[in-house]
Each structure stands twice: as structure tokens, then as C-alpha cells.
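Note that this is a predicted model, so its numbers are computed, not measured.
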Amino acid sequence: MGMEQKGLIHVYCGDGKGKTSAAIGLMIRAAGRNRRILFVRFLKTEDSGELRILDHLPQIRRMRIPESVGFYWTLTQKEKERMKEDYGRIWKQIQQQAGDFDVLVLDEFAAAFGYGLIPQDEAIGFLREKPSHLEVVLTGRNPDERILDLADYISEIRGVRHPFEQGIPAREGIEY
């Protein structure tokens, strides 16, 4: 089956819609080849249609994160500290378990990293020293240069037009 190929690092970034969708597409492709996938979603609500399907795929394990009470910039200092503790604990679990999987997808990693919610030095160290077989997919708008330097793939999704600009709100089944 050729499972022992070297795992690479993907970054899906930019201001356009589709970063998470691209990551999920890769997860489904990997699941179709019987790869084991660990999926962690930072800084997003759990109310998203794709999660209902992913939870039915035995190849995909989703590590749940305590939901934040709002957008990061609206949180109090105390809420931010609590979130940082939660994320630090989760980061340790990710590092301990990642080697048991073939693909690790960290959705909205760029923001969690940028806000310092996950220990930056540990995260860089993990990406440098990750299990050699592990494919890692990181998403988010503005990834840190240190992350980009480690990436094998960088795909930038550029927003050209979005219905939100015309006052059309996010639609169930399409945006979430």
C-alpha cells in the first residue's frame, strides 16, 4: 500500500472562502484510501454541516475543543487565559496522538497560533520534528512566516467576490 511515504506539510491560507473545504476534501480523499485522520478545529463553532458527515467516517477522529464564547477579540482577558489553558492542554494531546494517524488536519491553526493560544515554540518544534509519515494540513488566513517556511505546499485562496458584500448572510449547507 505504500503507506510509508514521507508526510508533507500543507498550508491553505488567504482571505477567500474554501480553506476548510479544501482541507476536508483532502481528508475525504485520504479516508477513501483508508488513511487514519485526526481533525482538530480551532476557534470555530461546532455548528457546521460537514462535521455531521465526518463524524460518520470511521477513518476520521475529531478531537473536540471547548467552544469559545465568542470571537477571540470580543473575549475578556480572563476568557482568553482560560482558552489558552484549554488549547495548551489540547496541543499536548495532539502531539501525543499525532503519530497514530496518517493525516493531521488543524483547521484555523494560523489564528490559534497567531493569538498565542497554542505554544508557538512547541508548535514549530512539532512541525520540524513531526513523525516522518505524517501528512499535516494547516488552514487559516494569515499564517506566520515561520509556518510558511516549513510548508511543502502553500495554497493561497484569494477572495475576489463574496455574497456577504451584497448583504447575503451565511447560508446553511453552503457556508456552514
Side-chain angles (χ1 to χ4, degrees), residues 9-76 78-80 82-91 93-94 97-98 101-118 123 135-144 147 151 153-176:
I9 298 174
H10 308 238
V11 172
Y12 302 150
C13 59
D15 64 3
K17 173 187 169 0
K19 296 176 288 292
T20 298
S21 301
I24 288 170
L26 188 139
M27 286 168 49
I28 290 169
R29 175 178 285 162
R33 296 293 187 181
N34 224 20
R35 301 296 201 272
R36 294 157 306 164
I37 300 117
L38 177 60
F39 179 50
V40 188
R41 161 174 273 193
F42 299 109
L43 294 161
K44 277 187 178 168
T45 70
E46 293 289 314
D47 179 29
S48 204
E50 66 270 24
L51 301 181
R52 295 176 183 192
I53 295 296
L54 296 179
D55 286 343
H56 290 286
L57 297 176
Q59 302 89 337
I60 297 175
R61 171 137 178 276
R62 187 156 62 95
M63 192 180 284
R64 292 169 192 268
I65 286 191
E67 266 198 64
S68 63
V69 290
F71 288 113
Y72 185 77
W73 58 89
T74 67
L75 303 181
T76 66
K78 193 172 182 135
E79 289 167 333
K80 288 178 180 176
R82 171 119 188 251
M83 202 173 181
K84 191 173 180 173
E85 284 172 25
D86 289 340
Y87 277 43
R89 201 166 42 252
I90 284 152
W91 183 252
Q93 290 174 17
I94 292 167
Q97 296 176 27
F101 293 88
D102 302 305
V103 180
L104 171 63
V105 176
L106 302 176
D107 192 31
E108 289 300 339
F109 174 86
F113 183 94
Y115 291 139
L117 291 171
I118 49 183
E135 202 81 17
V136 178
V137 180
L138 310 170
T139 75
R141 280 183 167 240
N142 300 302
D144 188 285
I147 302 300
Y153 298 84
I154 300 173
S155 296
E156 187 173 355
I157 299 178
R158 188 170 64 91
V160 177
R161 181 179 299 143
H162 196 291
F164 189 76
E165 297 154 9
Q166 300 152 41
I168 299 171
R171 297 162 301 145
E172 184 179 326
I174 303 298
E175 277 86 22
Y176 67 95

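The shortest heavy-atom contact between Met83 and Leu75 is SD-CD1, 3.5 Å. In plain terms, the two heavy atoms of Leu43 and Ala111 that are nearest each other are CD1-CB, 3.6 Å. Contact detail for Gly140 and Ala110: the closest heavy-atom pair is CA-CB, 3.6 Å.
Rounding to the nearest 0.5 Å places CD1 of Ile118 at 7.0 Å from CD1 of Ile94. Going from atom CG of Leu104 over to atom CE of Met27 covers 10.0 Å, rounded to the nearest 0.5 Å. The NE2 atom of His10 sits 3.5 Å away from atom CD of Glu135, with the distance rounded to the nearest 0.5 Å. Here the CD1-NZ distance, from Ile174 to Lys17, works out to 7.5 Å after rounding to the nearest 0.5 Å. Between Trp91 atom CH2 and Ile65 atom CD1 the span is 10.5 Å, to the nearest 0.5 Å. Rounding to the nearest 0.5 Å gives a distance of 12.0 Å between CD1 of Ile37 and CZ of Arg29.
A parallel orientation is assigned to the rings of Phe71 and Trp73, their planes being inclined by less than 30° (bins at 30° and 60°).
Ion pairing between Asp107 and Arg62 fails under the 4.0 Å rule for side-chain N and carboxylate O.
Applying side chain to side chain donor-acceptor pair (under 3.5 Å) to Thr20 and the options Glu108, Glu50, Lys44 leaves one that passes, Lys44. Exactly one residue among Phe42, Tyr115, Tyr72 makes a ring pair (Phe, Tyr, Trp, His ring centres under 6.0 Å) with Tyr87. That residue is Phe42.
Sorted by first and then second residue, the salt bridge (Lys or Arg N to Asp or Glu O under 4.0 Å) pairs involving residues 157-171 (not counting sequence neighbours) are Arg171-Glu175.
The closest donor-acceptor contact from the side chain of Thr76 to the backbone of Glu79 lies under 3.5 Å. Judged by distance alone, with hydrogens and angles left aside, the side-chain atoms of Lys19 form a donor-acceptor pair with the main-chain N or O of Gly14 at under 3.5 Å.
Applying the ring pair (Phe, Tyr, Trp, His ring centres under 6.0 Å) rule to Phe113 yields the partners Phe109; only residues at least two apart in sequence or on another chain are considered.
In the displayed structure, Arg82 atom CZ is contacted under 6.0 Å by at most 12 heavy atoms of other residues, nucleotides or ligands.
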